[in-house]
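Notes follow once the structure below has been shown.
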Amino acid sequence: MNPKSIIVIFGATGDLAKRKLFPSLYRLYEKGHLNEQFAVVGVARRPLSADEFRNYVRDSVETAFHQKLADGRFTSHFYYHPFDVTEAESYQRLKSLLEQLDGTYKTEGNRIFYLAMAPEFFGTVTSRLQSEGLTETHGFKRLVIEKPFGHDLASAEKLNDEIRRVFSEREIYRIDHYLGKEMVQNIEVIRFSNAIFEPLWNNRFIANIQITSSETLGVEDRGRYYDHSGALRDMVQNHMLQMVALLAMEPPIKLTTDDIRHEKVKVLRALRPIAHDEVDRYFVRGQYGRGVIHGKNVPAYREEPNVDPDSNTETFVAGKLLIDNFRWAGVPFYIRTGKRMAEKSTKIVVQFKDVPMNLYYRTNETIAPNLLVIHIQPDEGITLHLNGKKTGESTTITAPFQLDYCNNCIDGINTPEAYEKLLYDCMRGDATNFTHWDEVAASWQFVDPISEVWANTKASDFPNYAAGSMGPAAADELLKKDGFHWWPIE
Ligand code: BG6
């Protein structure tokens with residue numbers, strides 16, 4: 001059944017709404033996943049008329065899909081409400097608008113409040129929504145909240161307390177857009193629907209797991225936010241740890257939201273805490289200097305707009321995580337992520353342990369370990385690296401070969417954008433691919449000691465990697481100490 005609802009987007013003139021939310025809503029509409037019983041109310045400070053806002057939405061969709069909208073059917077569902085976050089009257093007027101639209105679109109009182117705005121307003125907005133009566137409705141009320149969800153455990157707890165006064169945990173949809181990516185969702189399916197992987201998915205057969213999420217972009221126009229955040233908070237606390245949780249979790253009893261989240265939380269709680277004096281042993285930070293990306297010279301991080309010229313903020317993180325439970329004891333999970341790296345790519349490599357002995361050593365043959373590579377983006381698929389006989393040679397000569405499955409190579413399949421899936425899930429009331437508070441709390445708990453040490457010690461070697469490289473040398477050392485190396489990104 002198609003969901004019926006009014007979606008109120010706070011921060012409707014911002015970047016996220018324009019680049020992701022409007023185009024995603026359009027795709028859902030085009031596919032017939034939204035029936036006509038929906039309306040979107042854009043809320044922002046800027047004074048705009050409904051028509052101006054509809055043009056803005058149309059522009060964003062046309063830019064995203066490089067095509068003209070044939071008519072105004074889609075944009076006719078959009079309304080605009082100029083708004084001051086702190087002013088009671090703004091909320092009152094919004095309330096009347098919602099009541100009126102509820103009648104027009106027969107949305108049965110269902111309301112989604114999407115906070116795509118600066119996080120310092122999250123608390124104020126939610127408490128005002130309640131005090132001005134916008135959350136009193138005969139339908140459902142849901143809150144969608146973008147990151148950052150706090151900047152450490154204490155601030156996340158404070159924020160959570162504020163929003164939980166108004167919305168119950170079940171009504172809160174904390175976005176981690178990685179959970180909307182096709183191949184991130186596929187991790188669970190690959191693991192739990194194939195008899196050949198799950199029996200090997202443990203410390204008896206797996207040597208290590210590597211997760212890399214590299215970007216070629218720098219901080220662009222987000223220096224103000226990023227210089228206070230850094231890669232650890234921006235990528236590791238959320239996206240990277242979520243991928244670790246999906247790779248390491250036990251099979252859920254059933255595929256329900258609660259069962260899956262429960263298993264993920266258990267992984268995050270089993271992460272071995274890193275004490276302050278151990279941070280340097282397990283984690284590496286980096287900051288990019290000048291360099292060349294795709295043949296173009298790019299500036300150093302410290303030269304980017306709105307970045308402190310003496311900034312101590314990391315734009316790269318590599319780390320070794322250990323999960324202290326029966327399945328994973330002794331298996332390192334290596335993660336690395338950074339800006340201005342050689343390539344835009346997110347990939348997971350599961351390295352299996354070597355065969356018990358090498359029968360081919362007399363002919364100087366080394367046998368490469370088996371690898372299962374999960375390509376998250378831009379390629380989507382899996383590759384299994386195996387060894388076989390070198391064709392035409394004697395059976396003592398081996399050669400590596402690969403079994404490839406490419407998800408986004410199949411003709412006609414256009415992988416849905418993460419936001420498209422997440423918006424639809426939220427409208428249908430499925431919170432599985434959103435982060436539960438317990439996951440957020442456990443992730444901050446893990447990350448906090450690392451960011452405390454880094455905030456209190458100046459990195460004397462920054463910048464320590466050139467834009468266009470794969471990060472500082474220390475990130476390679478991290479694996480070398482254990483006898484491993486990062487598998488190439490190709
Ligand atoms: C966001 C971060 O959460 O994820 C950005 O704030 C980062 O800094 C982005 O660029 C990466 O997402 P994706 O989908 O491009 O890998």
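Each ligand, and each atom within it, is numbered from 1 in the order the structure gives.
- In summary, the side chains of Ser469 and Tyr288 do not present any donor paired with an acceptor at a separation below 3.5 Å, with no hydrogens or angles considered.
- Within the 4.0 Å heavy-atom shell around ligand 1 one does not find Thr346.
- Residue Tyr178 has at least one heavy-atom neighbour below 4.0 Å for each of these atoms of ligand 1: 12 (O), 13 (P), 14 (O), 16 (O).
- Using a 4.0 Å cut-off to heavy atoms of Lys339, the atoms of ligand 1 that qualify are 5 (C), 7 (C), 8 (O), 10 (O).
- Checked by distance only, ligand 1 and Tyr225 stay at 3.5 Å or farther apart across all their nitrogen or oxygen atoms.
- Seen from the ring of Phe434, Arg174 does not count as a face-on cation partner, given the 6.0 Å and 45° thresholds.
- Closest to atom 14 (O) of ligand 1, if we only count protein heavy atoms, is Lys181 NZ, 2.5 Å.
- Protein heavy atom at the shortest distance from atom 12 (O) of ligand 1 is His177 NE2, 3.1 Å.
- The number of heavy atoms from other shown groups lying within 6.0 Å of NZ (Lys296) does not exceed 12.
- Listed by number with element, the atoms of ligand 1 under 4.0 angstrom from any heavy atom of Lys344 are 13 (P), 15 (O), 16 (O).
- Every atom of ligand 1 is numbered from 1 in the order shown, and the set under 4.0 Å from a heavy atom of Glu215 is 7 (C), 10 (O).
- Side-chain contact check for Tyr334 and Asp482: at least one donor-acceptor pair (N or O, by modelled atom type) lies under 3.5 Å.
- In this model, no donor atom of one side chain and acceptor atom of the other lie less than 3.5 Å apart for Ser213 and His239.
- Per-residue contacts place Asp234 under 4.0 angstrom from the following atoms of ligand 1 (heavy atoms of the residue considered): 2 (C), 5 (C), 6 (O), 8 (O).
- If you check the side chains of Trp437 and Glu169, you find no donor sitting under 3.5 Å from an acceptor.
- Remark: ligand 1 and His239 share an N or O pair separated by less than 3.5 Å (distance only, no angle test).
- Residue-ligand proximity: Tyr226 is placed with every non-hydrogen atom at 4.0 Å or more from ligand 1.
- Atom NE2 of His276 sits in a crowded spot, with more than 12 heavy atoms from other residues, nucleotides or ligands closer than 6.0 Å.
- Enclosure of atom NZ in Lys458 by more than 12 non-hydrogen atoms of other residues, nucleotides or ligands within 6.0 angstrom is indicated.
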